[in-house]
Amino acid sequence: QLQLVESGGGLVQSGGSLRLSCTASGFTLDHFVISWFRQAPGKGREGVSCISGSGVGTEYTDSVKGRFTISRDFAKNTISLEMTSLKPEDTAIYYCAAGVPIPSIQAMCSLTTSDYDYWGQGTQVTVSS
């Protein structure tokens, strides 16, 4: 089964940066749509960013536009989320999620939770003021 592993979370001061990574050892993520979601205590999961199977299409929730950048390195079988200008409201557990490949939408992605089939364990991001 496909198992996702996130890394890169930690404690950072407001205005700082972190880079999160998502990979699946022994399983190729090529063609899967990949998304980052986050969940703060007492709140539902929020879609942060996604990248299409081909790597062409990306989406960002409004609150992170201009600050976060998602990318995928097919050679390294890794998806990254570079987060800059972090704010306390970015504090949450960040999850990597993968959706099964769909040939007709390889250039598109969505931030809908139900579109994803596999989830990582999450990595904590804490931004202090």
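Along the sequence shown, residues are numbered consecutively beginning with 1. Every value quoted in this text rests on a predicted model; they were computed, and no experiment measured them.
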Problem - More than 12 heavy atoms from other groups under 6.0 Å of CD on Q3 - result: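 Not buried by this count: 12 neighbours or fewer within 6.0 Å.
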
Practice task
For atom CD of E89, decide whether the heavy atoms of other residues, nucleotides or ligands shown that lie under 6.0 angstrom number more than 12.
Solution key: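 Counting other residues, nucleotides and ligands, CD of E89 exceeds 12 neighbours.
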
Problem - Exercise: identify the closest heavy-atom pair between A92 and R38 - result: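 Heavy atoms of A92 and R38 come nearest at CB-CB, 3.8 Å.
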
Handout entry: Shortest non-hydrogen contact between D117 and V100, atoms and distance
Key =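 Scanning both residues, the minimum pair turns out to be OD2-N, 2.9 Å.
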
Can [Y] be reached from [X] by stepping across I, L, V, M, F, W or Y side chains whose heavy atoms are under 4.5 Å apart?
X: L11; Y: I93; value: no
X: V33; Y: L4; value: no
X: I34; Y: F27; value: yes
X: L2; Y: V5; value: no
X: I51; Y: F74; value: no

Exercise for the section: Determine, stepwise, if the pair E6 / L20 fulfils side chain to side chain contact (heavy atoms under 4.5 Å, CB included). Expected result: CA-CA 7 Å; E6 305 101 329; L20 306 183; over 6 Å; no

Could you tell me whether the side chain of [X] and the main chain of [Y] form a donor-acceptor pair under 3.5 Å?
X: R67; Y: S85; value: yes
X: T58; Y: C50; value: no
X: R45; Y: Y95; value: no
X: T112; Y: S110; value: no
X: N77; Y: S25; value: no

So do the side chains of [X] and [Y] get within less than 4.5 Å of each other, counting heavy atoms only?
X: P101; Y: Q106; answer: yes
X: L81; Y: S49; answer: yes
X: M83; Y: V12; answer: no

Distance from [X] atom [atom1] to [Y] atom [atom2], nearest 0.5 Å?
X: Y118; Y: F32; atom1: OH; atom2: CZ; result: 6.0 Å
X: I102; Y: S52; atom1: CD1; atom2: OG; result: 12.0 Å
X: K87; Y: S129; atom1: NZ; atom2: OG; result: 14.0 Å
X: L86; Y: L18; atom1: CG; atom2: CG; result: 5.5 Å
X: T23; Y: R72; atom1: OG1; atom2: CZ; result: 10.5 Å
X: D115; Y: I105; atom1: CG; atom2: CD1; result: 7.0 Å

Practice task
For the pair F37 and W119, name the ring-plane relationship: parallel under 30°, tilted 30 to 60°, perpendicular over 60°.
Solution key: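 Plane angle between 30° and 60°, so tilted.
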
Practice task
Assess whether side chain to side chain contact (heavy atoms under 4.5 Å, CB included) is satisfied between Y60 and T69, documenting all intermediate values.
Solution key: CA-CA 8 Å; Y60 300 90; T69 302; 3.9 Å; yes

Handout entry: Presence of salt bridge, K65 and D62, under 4.0 angstrom
Key =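 Salt bridge: yes.
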
Practice task
Check the pair S80, T78 against side chain to side chain contact (heavy atoms under 4.5 Å, CB included), reporting the backbone distance first and the verdict last.
Solution key: CA-CA 7 Å; S80 297; T78 299; 4.1 Å; yes

Practice task
Under the side chain to side chain contact (heavy atoms under 4.5 Å, CB included) rule, what do S35 and L111 come out as? Steps first, then yes or no, please.
Solution key: CA-CA 7 Å; S35 183; L111 293 174; 3.5 Å; yes

